[in-house]
Amino acid sequence: MNRLVIFIASIIFAFNVSAFTSDTYTFDDEVTQIRYNALVKELRCPKCQNQNLADSNSPIAADLRREVYELLQLNKSDGEIVDFMVERYGEFVLYRPKFSALTYILWFGPAILLFIGVVIVMFVLKNSAKKKQPQQLSTAQKNKLEQILKDK
């Protein structure tokens, strides 16, 4: 019974916590609100690891959500808002970093590691197949073996 009460209390507490983190901004139109929601889901919280601005409870995430809201109210485009955030906080604020010389390793690193892994597996399998083949005796070794067998 106590476990049921604790479980219900934790669910109620979880809903209350999430209710406190949501911001209530008023928008002029629905398109701006959709753009706001898309931007705060696309931008990463500088403090939290792997959380976007919409999901983060940190104070800086709340500040950045407010900043995004204010930039939208100034009729800034999505690109201008993202550029502002990148200029201020670096590429870290982007979940999908831009394709540049600094991010080549992010984009191609997994494919390169996969390719290297496949080459290593193929090399190991090829070498293990060679080791399993029985070795043939040379003619001199065969003659010496026959001589030993005759002597016995």
Side-chain angles (χ1 to χ4, degrees), residues 1-23 31 33-69 71-72 76-152:
M1 184 67 179
N2 284 340
R3 290 183 180 179
L4 180 64
V5 170
I6 291 171
F7 177 72
I8 291 171
S10 65
I11 289 175
I12 291 171
F13 179 73
F15 283 116
N16 284 337
V17 168
S18 65
F20 288 120
T21 59
S22 64
D23 299 322
V31 174
Q33 185 174 5
I34 291 171
R35 287 178 54 209
Y36 171 81
N37 289 333
L39 283 168
V40 295
K41 287 180 182 175
E42 183 67 27
L43 295 171
R44 183 191 316 246
C45 175
K47 182 178 179 183
C48 303
Q49 297 287 327
N50 208 19
Q51 280 189 322
N52 59 26
L53 294 180
D55 295 336
S56 177
N57 296 329
S58 71
I60 192 163
D63 291 344
L64 291 178
R65 287 191 298 266
R66 182 180 38 78
E67 190 80 33
V68 168
Y69 174 76
L71 290 171
L72 284 171
K76 299 287 184 180
S77 70
D78 293 353
E80 290 173 329
I81 293 171
V82 169
D83 289 343
F84 173 79
M85 293 295 178
V86 168
E87 182 180 314
R88 194 168 189 182
Y89 298 101
E91 292 277 334
F92 181 78
V93 297
L94 299 175
Y95 265 116
R96 290 178 286 162
K98 295 177 183 174
F99 196 73
S100 69
L102 294 174
T103 60
Y104 282 151
I105 192 71
L106 292 175
W107 289 102
F108 297 118
I112 291 170
L113 287 177
L114 179 66
F115 177 74
I116 290 171
V118 168
V119 168
I120 288 172
V121 167
M122 290 175 60
F123 180 76
V124 168
L125 290 176
K126 186 176 179 182
N127 281 343
S128 67
K130 281 183 180 177
K131 288 180 181 177
K132 289 182 181 177
Q133 292 179 351
Q135 292 183 347
Q136 298 292 328
L137 294 176
S138 66
T139 306
Q141 290 172 332
K142 286 180 184 177
N143 290 338
K144 188 174 182 179
L145 179 62
E146 286 177 11
Q147 186 65 35
I148 291 172
L149 290 175
K150 282 182 185 176
D151 290 343
K152 283 193 172 186

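Side-chain atoms are counted along with the backbone in the values below, which use heavy atoms only and exclude waters and symmetry mates. The first residue in the sequence is number 1, and the count goes up from there. Here the structure is a predicted model, which means the values were calculated and not measured.
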Check against side-chain contact (heavy atoms from CB on, under 4.5 Å), V118 and V121: CA-CA 5 Å; V118 168; V121 167; 5.8 Å; no

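- Residue F84 qualifies as enclosed at atom CZ: its count of foreign heavy atoms under 6.0 Å is above 12.
- In this structure, S138 and Q141 approach most closely via the heavy-atom pair N-OE1, 2.9 Å.
- Here the straight-line distance linking atom CZ of F92 with atom CE of M85 works out to 14.0 Å at 0.5 Å rounding.
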Residues K98, D83; criterion side-chain contact (heavy atoms from CB on, under 4.5 Å); working and verdict: CA-CA 11 Å; K98 295 177 183 174; D83 289 343; 2.9 Å; yes

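- Atoms OH and CD1, from Y36 and I81 in turn, are 11.0 Å apart once rounded to the nearest 0.5 Å.
- Side-chain contact between L71 and L39: absent, with no pair of heavy atoms (C-beta onward) separated by less than 4.5 Å.
- Separating the CD atom in E42 from the CG atom in L53 is a distance of 10.5 Å, to the nearest 0.5 Å.
- Within the 4.5 Å cutoff, side-chain heavy atoms of D78 are placed close to those of R35.
- Around atom CZ of F99, more than 12 heavy atoms belonging to other residues, nucleotides or ligands sit under 6.0 Å away.
- From R44, atom CZ reaches atom CD of E91 across 10.5 Å, with rounding to the nearest 0.5 Å.
- Summarising the geometry, atom CG belonging to N52 is positioned 4.0 Å from atom CG belonging to D55; distances are rounded to the nearest 0.5 Å.
- Under the 4.0 Å criterion applied to side-chain N and carboxylate O atoms, D63 and K47 are not assigned as salt-bridge partners.
- A pairwise comparison of heavy atoms in Y89 and P46 identifies CD2-CG, 4.0 Å as the closest pair.
- Under a 3.5 Å cut-off, the side chain of T103 and the backbone N or O of L106 do not form any donor-acceptor pair.
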Step-by-step side-chain contact (heavy atoms from CB on, under 4.5 Å) determination, K41 to Y95: CA-CA 9 Å; K41 287 180 182 175; Y95 265 116; over 6 Å; no

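- At least one side-chain heavy atom of V86 sits less than 4.5 Å from a side-chain heavy atom of V93.
- Rounding to the nearest 0.5 Å gives a distance of 7.5 Å between CG of L64 and CZ of R88.
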